**Student:** 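Provided herewith is a single structure, encoded as structure tokens, for subsequent inquiry.
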Amino acid sequence: MPEGRTLKKYQKIYHEFGRNPIVLMDREHLKGNRTRRMSLFQETFIDHVISLWNDRRLPKLAPFLRLAEADFHVPPHEVAAGFQFPSITTIRGRIKALSEFVKQLGRNGAHHARNRKGAGSTDIRALCYGENVQVDQVFLSIFTERDGTVRAKQIDPRQVPEALEEDEIRRFWLHVMVDLATRLPMAWIIAKTADGDHTEALLRMATRDKSREKIRYGCKKDPAPPVRIRKFEADNGTATRNAQIYGKQLGSGMTVIPGRTYHASDKPHVETMFGTVQWQVLTFLPGYTGSRPGELKDYDPKGSAEVSHNGIYGTLTRYFVDEYSHTGHRGIGMYGATPWEKLQEVVATYQAIEAPSQRERCLHLGIKTKASTTTEGVKAFNIPFNSTALQKFSGGVSRKVTIHLDPDDLRKAYITAEGRDEVIEVHLTMTAFVDLTLEDAISVMEEACRRDPKAQELHDTHLKEVRARRAKDSGFFPDTRDPSNYQTTDQLRHRADRLAQVSVRPSGVTGPTARPGHVTDRSGGASVFKVSKTNSASVSTSPSTEQAPRSYGRTFTPLKDSKL
């Protein structure tokens, strides 16, 4: 159909000739060159180039086209007909006409194409708060400093390692859990790594009261209330896919739903939050690294790091509690309502899910440690616990038990023992740790026992001197400068050998004897002892059967063999 200036021209002619439709008959529909601009062989070359260019090695079109023209075989009849290779502009136009699915599949692979161009999800996956949650981790694009101010510290040259500390200036992982029904952030922590311990911390934070974070970081609104989690969706990363995490989740009554690899549509709610946090929070903080390497040209993120670890966590806490939870959301099923408004709506419309008890949190989501009972109770991480039930169980005897401890609430703990179904409740007996977490309590104990190296040297010298004086005054220890006060190992060994000797009592009569006064008599009636020729040391005690003849005044031959 005509349009634009052609249509305006038709209108003018139509009115000039008295609205006679005959004047609108023309031959303008026959304008243009209807012949094919590219020959069939040129079209074959274009298809050949595009099929090779659509490769996962992502070749550049200009150098790739020069090599393709040098390698492409042109038949003689096409050369005779004046064949010419199509221009790069023509090929670029054909590439732009391709479908985005074809280009993504060819140059980036099926996994990437499914995430970037695959069909999304528009279903409402949860109706109750806590019915379904999603968990993911992201490497924050910001460098944080250990404490924000101190850049030098006193060290002991005899104890300091050669390698530098890893966490002086570094980036952190952000772990987040979000509820699908309300889009409300339920738990968030920052950590050096992405492993299972931090997923456990997320589960504990989502199922407990978060008033401590609200007071510590100065939040104006209330954080998400504690709730029992029904379904748990996460990817196949090491932080969530391990036996320890699965055991705790199944013990708590959760249904584990592992996400499929390279399927971003399985958990889009939590992944969308990471981009929001980066562009609305991290971009304005010192030490921001950019969304990709080399994005910030003349900016040193490491040298600009000023925010401490506690500072970045406080900033994220205030953002999630005071800002994100009270901002209109345009997600599926939200219709512009804020997450907090959606929470009030689902709680009023559907039955609320009760939070797990402290006993369930300790047994299924807490930390387990082995210990032995004493008369003062039991210690976990050097923190004492005791109760009447525990003393009745131990009965004054040391027994090996397992302590189930909640790191976020030390007021109560629970004890189990092998071979017993009873779960024993114990209470914290050191009131100084009542309002502290496990990490805070350990930090307090470390600070209490940490010593100044200079003061330590003075105290150790003084202690050595007074002990030496007390040892000298006691008279128990001999003078170490006198060699006679030392006994060598050989002397002790000789003394021990003498103690090991056993005295042998000789037996009684070993053979016939002669009457008194006739021992040397060689008459026929006297027995004599015979000496063996083979062994001079052995003496025969058997009586001789031969009678020696009487001989007086006889000279005996010299004795050469001992008679003893």
Side-chain angles (χ1 to χ4, degrees), residues 115-116 120-126 129-142 144 171-191 194 198-199 201-203 205-206 210 213-214 217 219 221-225 227 229 231-237 239-240 257 259-260 262-285 288-292 307 312-343 346:
N115 288 336
R116 293 295 303 272
S121 175
T122 56
D123 60 333
I124 299 177
R125 304 187 183 184
Y129 174 63
E131 177 185 354
N132 197 349
V133 300
Q134 289 183 356
V135 173
D136 204 355
Q137 311 85 30
V138 65
F139 201 38
L140 291 181
S141 301
I142 187 172
T144 59
R171 294 168 61 185
F172 276 87
W173 287 86
L174 173 63
H175 301 250
V176 176
M177 178 186 296
V178 61
D179 177 64
L180 299 190
T182 62
R183 307 299 198 276
L184 193 65
M186 302 175 63
W188 56 91
I189 62 171
I190 58 173
H198 306 115
T199 303
L202 276 182
L203 293 173
M205 185 176 182
K210 290 172 274 294
E213 285 78 7
K214 174 185 176 181
Y217 299 108
C219 300
K221 298 292 185 178
D222 293 330
V227 68
I229 300 174
K231 297 180 183 179
F232 184 93
E233 294 186 14
D235 54 13
N236 292 320
T240 56
I257 305 177
R260 295 175 296 175
Y262 302 108
H263 285 73
S265 59
D266 285 354
K267 50 183 185 63
H269 309 84
V270 66
E271 292 183 353
T272 305
M273 182 184 293
F274 293 146
T276 305
V277 170
Q278 178 176 347
W279 300 120
Q280 295 191 9
V281 181
L282 303 183
T283 308
F284 306 100
L285 297 178
Y288 175 66
T289 63
S291 59
R292 63 181 183 275
V307 184
I312 188 64
Y313 187 74
T315 301
L316 294 174
T317 300
R318 289 187 292 271
Y319 174 75
F320 287 138
V321 174
D322 292 338
E323 188 172 350
Y324 187 88
S325 301
H326 299 272
T327 303
H329 203 289
R330 297 293 177 181
I332 300 299
M334 296 295 292
Y335 305 108
T338 66
W340 194 260
E341 292 174 349
K342 203 68 177 179
L343 173 64
V346 299

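These figures come from a predicted structure and were not determined experimentally.
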**Student:** Can you check whether S291 reaches Q278 side chain to side chain, under 4.5 Å on heavy atoms?
**Tutor:** yes
**Student:** Nearest 0.5 Å, what's the OG1-CD distance between T199 and Q137?
**Tutor:**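 Nearest 0.5 Å value for the OG1-CD distance: 5.5 Å.
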**Student:** Which pair of heavy atoms, one from G259 and one from N236, lies closest together, and at what distance?
**Tutor:**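 Scanning both residues, the minimum pair turns out to be O-ND2, 3.0 Å.
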**Student:** Taking the side chain as everything from C-beta on, heavy atoms only, tell me whether V270 gets closer than 4.5 Å to E233.
**Tutor:**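 They are not in side-chain contact.
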**Student:** After noting the C-alpha distance and the side-chain angles of Y313 and T144, does the key distance pass the side chain to side chain contact (heavy atoms under 4.5 Å, CB included) rule?
**Tutor:** CA-CA 10 Å; Y313 187 74; T144 59; over 6 Å; no
**Student:** What distance do T327 atom OG1 and Q280 atom CD have between them, rounded to the nearest 0.5 Å?
**Tutor:** 7.0 Å
**Student:** CG/L282 to CD1/I312 distance, rounded to the nearest 0.5 angstrom?
**Tutor:** 5.5 Å
**Student:** Might you point out which heavy atoms bring M186 and A224 nearest each other, and give the distance in Å?
**Tutor:** CA-CB, 4.2 Å
**Student:** How many angstroms lie between CZ in R171 and CD1 in I190, if you round to the nearest 0.5 Å?
**Tutor:**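 It comes to 13.5 Å.
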**Student:** If I compare all heavy atoms of P225 with all of L343, which pair ends up nearest, and what's the gap?
**Tutor:** CD-CD2, 3.8 Å
**Student:** Closest heavy-atom contact between L180 and A126?
**Tutor:** CB-CB, 4.1 Å
**Student:** Can you name the salt bridge (Lys or Arg N to Asp or Glu O under 4.0 Å) partners of K210, sequence neighbours left out?
**Tutor:**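 Salt bridge (Lys or Arg N to Asp or Glu O under 4.0 Å) check on K210 returns nothing, list empty.
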**Student:** On the 0 to 90° scale, with breaks at 30° and 60°, tag the Y319-Y324 ring pair as parallel, tilted or perpendicular.
**Tutor:**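 The rings of Y319 and Y324 sit tilted, inter-plane angle from 30° to 60°.
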**Student:** How long is the span from the CD atom in E131 to the CG atom in D179, to the nearest 0.5 Å?
**Tutor:**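 That separation rounds to 8.5 Å.
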**Student:** May I ask you to test the V321-W188 pair for a side-chain heavy-atom distance under 4.5 Å?
**Tutor:** yes
**Student:** Does a side-chain heavy-atom distance below 4.5 Å link M177 with I229?
**Tutor:**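 Counting from C-beta outward, M177 and I229 do come under 4.5 Å.
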**Student:** Stepwise, does the side chain to side chain contact (heavy atoms under 4.5 Å, CB included) test hold for V176 with D136?
**Tutor:** CA-CA 6 Å; V176 176; D136 204 355; over 6 Å; no
**Student:** Tell me if a side-chain donor or acceptor on S325 pairs with a main-chain N or O of L184 at a distance below 3.5 Å.
**Tutor:** no
**Student:** Taking the side chain as C-beta and beyond, is there a heavy-atom pair between M273 and Q134 under 4.5 Å?
**Tutor:** no
**Student:** Within the side chain of S141, is there an N or O that forms a donor-acceptor pair under 3.5 Å with the backbone of Y288?
**Tutor:** no
**Student:** For F139 versus F172, what's the shortest heavy-atom pair and its separation?
**Tutor:**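 Distance-wise, the nearest heavy atoms are CD1-O, 3.6 Å.
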**Student:** Which heavy-atom pair separates G333 from K342 by the least distance, and what is that distance?
**Tutor:** O-NZ, 2.9 Å
**Student:** Would you mind reporting whether D222 and W340 have side-chain heavy atoms less than 4.5 Å apart?
**Tutor:** yes
**Student:** I need the N132 CG to H269 NE2 distance, nearest 0.5 Å.
**Tutor:** 9.0 Å
